[in-house]
Number of protein chains: 2
Amino acid sequence: MMKKQLIMDKALELFADQGFESTSVQQITEKCGISKGAFYLSFKSKDELISAMIDHFMEDIIKEIDRVVKNTNNEELLYIFYYETFQSFQKHSDFTKVLIKEQTHTINKEFLLKISYYNSLIEETILSMIERIYGDKIKEIKYDLLYCIKSFISIYSELKLFYSAPLDLQFLAESFVEKTNLLAKHTTIPLISEEVIQAMKHPLNEDVTIEKLLEIIEQTIDEMKESIEKESLVLLKEELIEPALSPAIIKGLIENVRNKPECKWISYLLQNYYSFS
Amino acid sequence: MMKKQLIMDKALELFADQGFESTSVQQITEKCGISKGAFYLSFKSKDELISAMIDHFMEDIIKEIDRVVKNTNNEELLYIFYYETFQSFQKHSDFTKVLIKEQTHTINKEFLLKISYYNSLIEETILSMIERIYGDKIKEIKYDLLYCIKSFISIYSELKLFYSAPLDLQFLAESFVEKTNLLAKHTTIPLISEEVIQAMKHPLNEDVTIEKLLEIIEQTIDEMKESIEKESLVLLKEELIEPALSPAIIKGLIENVRNKPECKWISYLLQNYYSFS
DNA sequence: TTGACAATTGACCGGTTAGTCAATTATTAT
DNA sequence: ATAATAATTGACTAACCGGTCAATTGTCAA
């Protein structure tokens, strides 16, 4: 439906400079030139719009970065990574603003969990890139590098997106490549160890209730065609209602489900629910 | 008044995990065990409470960091700076959370301007520190270093304050000292030039109206004892209503006013208003 | 042209917000 | 003890919020 896209676009503009909470459905519908009722024909609630928006843009951004990282040789990789990330952020500048704002601000646990999920996907990509470029020798400082790279990207976001600093993207990427290489080659004091990372993992998912999980699963099942994945999901749903299967079987079913792109989110939630790492 | 402090303390706790907007005056008064009316005896509005809170904590944090930077010899300076900054942030962890949340989120232009003012004070301190430690040779990358140092502090904030990562502050400071030294000694591609800094300066103060300025000035005048500074402020107020004086005289008057700590904010606003750098 | 159906509207609902102010209570001076 | 004054209360207002639904409008086949 066209209407959905229109609402997402206009809402994004408002969210970008007011945030989720301060933007009312009224404002969105006015900007779209539609009535309040029409909004609720496209989205069940304001929260559903936000959730859909996060999915839509995050998937797009991650897909772009992943593609670039996969298809670039090691020599240029870091430069291309920075450059394409900045490009992608600039292309989706409104969404990036929203993300930065809401990452620290939203009270809604569902959004936070979702954002942290996509964040973990990006972290995986960056980590695999670091390992490819620098090899085993930086194993102990890989999380240091990860957080520094993320910081550099934040510097870009702050300067370019929030303060409109006149910065050349290629130059920016070059400069950050140099800084990253410096840190990778000479850092001797690792700051963030594997244990630290483990200790701070998933502080959010304890708030995901069975009811909420069942609701999302049922909705997804309805939208799926008959397949092994759908069958697996049905079994997982029954397991949630009345536990009967062994952990090994559950883990296997979750693995099955993960194959379908539209179920990745659910498999992530289930994995956390059953505390599988 | 004791009541004011009580309200600030309790409000800060709520602001830290809900943000300004999502925290109602009702919630604050309940937590204080006072009535809604009593709140408005201490603060004219919710905004005034927030404004007072920003001033109170920012001045405290900046004073601590400034004192440390001034009283430490160059050798240990960077380490002590990081360590004391982290200590200060930990001591004021609720306020730091508020600051991080609202820096990117608040719509209220007055708060943003205030935060960016205090931010510029901290930046000045960091820059003076960089120059003291590394001397003239890093002149071209001083803004790079500034932003990297700020990024490192952000990493601390994210890990420690938001994700409660188990990190040792001394170790953390040591690690960041190494990273900073590495970047200072080997960076060859300056990212942020003087021109970039100039181009992104003060995008906010265009929203400060004469009326708002007059309001703040009048309020401050009432609270001041007779002095050269008060006289200067009265003259500046009259100048705002009916321009008559030369730029040189205005600049001098602003310089006078700046001497009183309680007028620093006003002198900053006036300086921006008259576009003095 | 008619009638069945789908799309769209906006007045309305219950709830929450910041802020006010007449009424009440507490304190102090005499 | 009494009167005057200061401090405190909480019901109240007007505005706004997300969400609903009876009523209206638009569409199209017969």
Report task. Find the distance between CG (B:L240) and CD (B:E238) and round it off to the nearest 0.5 Å. Result -> 10.5 Å
Query raised in the report: Ion pair present between A:E255 and A:R258, side-chain N to carboxylate O less than 4.0 angstrom?
Result: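 A salt bridge links A:E255 with A:R258.
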Quick one: which protein N/O atoms are closer than 3.5 Å to N/O atoms of nucleotides 19-23 of chain C? Pair and distance per line, please.
residue : atom : partner : partner atom : Å
C:dG19  : OP2  : B:Y40   : OH           : 3.1
C:dG19  : OP2  : B:K46   : N            : 2.9
C:dG19  : N7   : B:K36   : NZ           : 3.0
C:dG19  : O6   : B:K36   : NZ           : 2.7

Query - Aromatic ring pairing B:F15/B:F20, orientation class (parallel under 30°, perpendicular over 60°, tilted between) - result: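 Rings of B:F15 and B:F20: perpendicular, over 60°.
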Query raised in the report: Under 30°, 30 to 60°, or over 60°: which ring-plane class applies to B:W265 and B:Y118, parallel, tilted or perpendicular?
Result: parallel
Nucleotide [N], atom [atom2] - distance to [atom1] of [X] in whole Å:
X      : N      : atom1 : atom2 : answer
B:K4   : D:dA7  : NZ    : P     : 14 Å
A:F20  : D:dC17 : CZ    : C1'   : 17 Å
A:I7   : D:dG19 : CD1   : P     : 13 Å
A:N108 : D:dG18 : CG    : P     : 14 Å
A:Q27  : D:dA15 : CD    : P     : 17 Å
B:E30  : D:dT9  : CD    : C1'   : 14 Å
A:I34  : D:dT25 : CD1   : P     : 19 Å
A:E21  : C:dT17 : CD    : C1'   : 12 Å

Query raised in the report: What is the nucleic acid contact for B:S22, judged by heavy atoms within less than 4.0 Å: base, sugar-phosphate only, or nothing?
Result: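 Nothing, no nucleic acid heavy atom in range.
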Query raised in the report: Base, sugar-phosphate alone, or nothing: which one does A:T23 contact when heavy atoms must sit under 4.0 Å apart?
Result: sugar-phosphate
**Report entry** Atom CD of A:E231 with >12 non-hydrogen neighbours under 6.0 angstrom
**Finding:**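 Count not over threshold, so no.
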Report task. Could you check if a side-chain atom of B:Y147 sits within less than 4.5 angstrom of a side-chain atom of A:L159, using non-hydrogen atoms only? Result ->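 Heavy-atom side-chain distance check passes, below 4.5 Å.
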Report summary line: Of B:L14, B:L12, B:L6, B:I7, the one forming a side chain to side chain contact (heavy atoms under 4.5 Å, CB included) with B:K10 is B:L6
Query raised in the report: According to a strict under-4.0 Å criterion, is B:S24 in side-chain N/O contact with OP1 or OP2 of C:dT16?
Result: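 B:S24 to C:dT16 OP1/OP2: no side-chain N or O under 4.0 Å.
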